[in-house]
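Treat the numbers as computed from the prediction; the structure is a model and nothing was measured.
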Amino acid sequence: SCGGAGAPADRGAMTRPALPARLRTVLGRRLIRLPAVGAAIAAVATVWDRLPGTRTERALAAALDTARATAAGIDPLPGRVLMFNASLVPGGAERQLVHTAVGLARRGAAHGVERVVVALDSPSEGGRPGVLTAELADAAVAVEVLAEAEVPEAVRRLSARLPGEAAARLRRMAAAILRHRPAVVHAWQDSTAICAGLAAAWAGVPCIVLSGRNVSPRNFVFWTPWMRPAFRVLIARPEVRLINNSAAGAHDYADWLGVATDRIGVVRNGIALAPLDPATAATARQRLRARLGVPAEARLIGSVFRFYPEKRPLLWVAAAAAYAARDPGARFAVIGWGPFAEPMRQAARKAGLADRLHLLPAETNVAEALAAMDAFLLTSAREGTPNVVLEAQAAGLPVIATAAGGTEEALREGPAALADPTPAARAQALAALFADPDRLAAARALGPRFVAERYGLERMLDETLAVYAPGLAPRAAG
C-alpha cells in the first residue's frame, strides 16, 4: 500500500507499489520459476531507470532535508557500529556480514571499535541450526530483531516517501539508531541499504556504509522503481559511502546511478575458511563419498549455490548431463536450497542422472564436501564475488565458471577458467581440465595461495576499517 498523502504522483513515484512486488503477490513462488522473468525485469528496469526521474529524486531529497531540520537526530558514540540486514538466511552476503562483525569485534578498541551490533528484520537462518547466529554470539556480537517503536513525526513523513514495507523498515531502523547511537551504520544489500541509509542520514550518523553485494538491482527480479532515485539521494551525501565486493559490481552500480566509478569503493570479500589438514580432508572425502555411494575412483563434480534463477540451476544439471555422456563414471553433488530443488531433480531424472546427482542440504559442512570433490562448477548468470569459488580454490579445487559480474576477478586462472554458458561448452571445459594434470596440480598448489593473498580476512577488515574511519573511536593504547 502507499505511504502518506502528498507523495509525488509521477510514474517514478516511490509510493506506488512496484510492479514486480504486485506480481510476486499474485504469482508467489511461481514467478521466479519462469526462465524469462529475470531478463524481462532487467529490460524493464533499464528502460524505466533512464526515464526522467528528477521529480521523485528531488522530492525524496527535500523530505530528508526537512526531516533533518525538524527533528533532532542522535549524539553518536564513536566506535559503535550498527549493521543491518534482512536476515541470516544462508548466502554469501550473510557470511561476509558475519566475518566482518566477528572480525571487528575481535579487533576491538585497539582499532577504534567499541561495540558491534547486528540488527535483522528476521532471525531466520533458512532452517539451519543457528550456525551464523552462534558465531556472532561466540564473538560477543549482539544480535537483535527490529521491532516497531516510537519515532519522531519527521521520520514518519520521510518514510511515507517509500512503499509500504520499505516505509515500515525505515521506521524500525530509525528506532534502532536512536537506541544505539552508532557512529557507523553499515547496511548490507540494496533494499536494506536504502532504508537504513535514509534513517541514518536523518539521524546524523557520521559514517554510513551501503554495501552492494552483486551487480546493480536492474539485473534482478527484486528491482523496483524507487531504488535508483533513493540511491542517488544517498550517494550525493558526503557521509555516505557506497561499496561493492568486486570491480565489476562497482562499475555496474556507477553506470546504473550515473556517477563516476571512483565514487563507489571496492572492498573484496574476506575468506576465513581454514583448509583441512591432509588427514582430515582424506577422512572427510572417504566419508561423504561412502555416504553418497560414489566410488573412490569416480570423478565427483560439485557446487554450492542457492537454487534460484540467477544461479541457473537447470543449466548446471544440463552441463552435468553433457559431461556424464563423456564420463559414465562421473558423479555430481550440489549443496543448496531454494525453489528450484524439485525442478533440478526432475531434470536429473529426465537426463538419466537420478542416481548420479545428489542435492545436499544447506547445513552440509562445505569444507568437508569440497574435500570430496574433484572439480567445482558454477553456472551463475549474475554474481558479485562468489564466496564459493574462493572457498573451492582455497581447498585446492579447479573451478569452471561463467563470466558473470565479479567471477573472473575471483578466479586464479582468470579467463582460462571460464566457459560459454552452454552445456556442451561446460562439458568440454571439464574434460579439458581433467586431461591436463599440470592444471590440476596448479589448482592444488596455487589456489590456496591466491585466495590467501587476494581475499584474506585480515585484508578485508583493514579495508573496512579504513571506510569506517570517520566513525571510529580514538585507538586504545596497545
- Check the angle between the aromatic planes of Phe332 and Tyr323 and answer parallel, tilted or perpendicular using the 30° and 60° thresholds. perpendicular
- Between CG of Leu146 and OG1 of Thr192, what distance do you get to the nearest 0.5 Å? 9.0 Å
- Item | Test item: Asn387 side-chain N/O and Gly92 main-chain N/O as donor-acceptor pair under 3.5 Å | yes
- Can you tell me how far the CD1 atom of Ile400 sits from the OG1 atom of Thr379, to the nearest 0.5 Å? 12.5 Å
- Message: Let's go through Leu104 and Leu465 carefully: what are the C-alpha distance in whole Å and the side-chain angles of both, what is the deciding distance for side chain to side chain contact (heavy atoms under 4.5 Å, CB included) to 0.1 Å, and is it a yes or a no?
- Response: CA-CA 8 Å; Leu104 292 174; Leu465 287 167; 3.6 Å; yes
- Closest heavy-atom contact between Leu461 and Arg106? CD1-NH2, 3.5 Å
- Task: Could you list the residues that satisfy side-chain hydrogen bond (donor to acceptor under 3.5 Å, both in side chains) with Glu409, not counting sequence neighbours?
- Result: Arg268
- Message: Under the rule for salt bridge (Lys or Arg N to Asp or Glu O under 4.0 Å), what residues qualify as partners of Arg345, not counting sequence neighbours?
- Response: Glu342
- Query: Angle class for the Phe307/Phe305 ring planes (parallel below 30°, perpendicular above 60°, tilted otherwise)?
  - Reply: perpendicular
- Query: Within a reach of under 6.0 Å around CZ of Arg349, are more than 12 heavy atoms found that belong to other residues, nucleotides or ligands?
  - Reply: yes
- Message: For residues 324-334, which residue pairs pass the salt bridge (charged side-chain N to carboxylate O under 4.0 Å, His left out) check, not counting sequence neighbours?
- Response: Arg299-Asp327
- Task: Go through the structure and list residues passing ring-ring contact (aromatic ring centres under 6.0 Å, His included) with Phe450, not counting sequence neighbours.
- Result: none
- Item | Separation of Leu359 CG from Leu357 CG (nearest 0.5 Å) | 5.0 Å
- Stepwise, does the side chain to side chain contact (heavy atoms under 4.5 Å, CB included) test hold for Met460 with Val267? CA-CA 7 Å; Met460 182 270 284; Val267 176; 4.1 Å; yes
- Query: Are the charged groups of Arg169 and Glu165 less than 4.0 angstrom apart, N to O?
  - Reply: no
- Task: Verify whether one side chain among Asn214 and Asn219 offers a donor that lies under 3.5 Å from an acceptor in the other.
- Result: no
- Query: Partners of Phe231 by ring-ring contact (aromatic ring centres under 6.0 Å, His included), sequence neighbours excluded?
  - Reply: Trp256
- Message: Using 0.5 Å steps for rounding, measure from the CZ atom of Arg241 to the NE2 atom of His186.
- Response: 12.0 Å
- Message: Given 3.5 Å as the limit, does a donor-acceptor pair link the side chain of Arg356 with the main chain of Ala330, or not?
- Response: yes
- Glu239: side-chain hydrogen bond (donor to acceptor under 3.5 Å, both in side chains) partners, not counting sequence neighbours: Arg237
- By side-chain hydrogen bond (donor to acceptor under 3.5 Å, both in side chains), Asp190 pairs with (sequence neighbours left out) Tyr253
- Task: Could you pull out all residues at least two apart from Asp436 that satisfy salt bridge (Lys or Arg N to Asp or Glu O under 4.0 Å)?
- Result: none
- Set of side-chain contact (heavy atoms from CB on, under 4.5 Å) partners for Thr283, sequence neighbours left out: Arg287
- Can you tell me how far CG of Asn85 sits from CG of Leu132, rounded to the nearest 0.5 angstrom? 10.5 Å
- Message: So that I can tick it off, tell me whether Arg107 and Glu458 are bridged by a salt bridge, with the cut-off set at under 4.0 angstrom between side-chain N and carboxylate O.
- Response: yes
- Task: With sequence neighbours left out, write down each residue that passes salt bridge (Lys or Arg N to Asp or Glu O under 4.0 Å) with Arg444, or none if nothing qualifies.
- Result: none
- Once you round to the nearest 0.5 Å, how far does OG1 of Thr422 lie from CG of Leu315? 8.0 Å
- Tell me the salt bridge (charged side-chain N to carboxylate O under 4.0 Å, His left out) pairs involving residues 306-323, sequence neighbours left out? Arg306-Glu310, Lys311-Glu383
- Query: Is the backbone of Val102 close enough, under 3.5 Å, to the side chain of Glu135 for a donor and an acceptor to pair up by distance?
  - Reply: no
- Arg426: what forms a side-chain hydrogen bond (donor to acceptor under 3.5 Å, both in side chains) with it, not counting sequence neighbours? Thr402
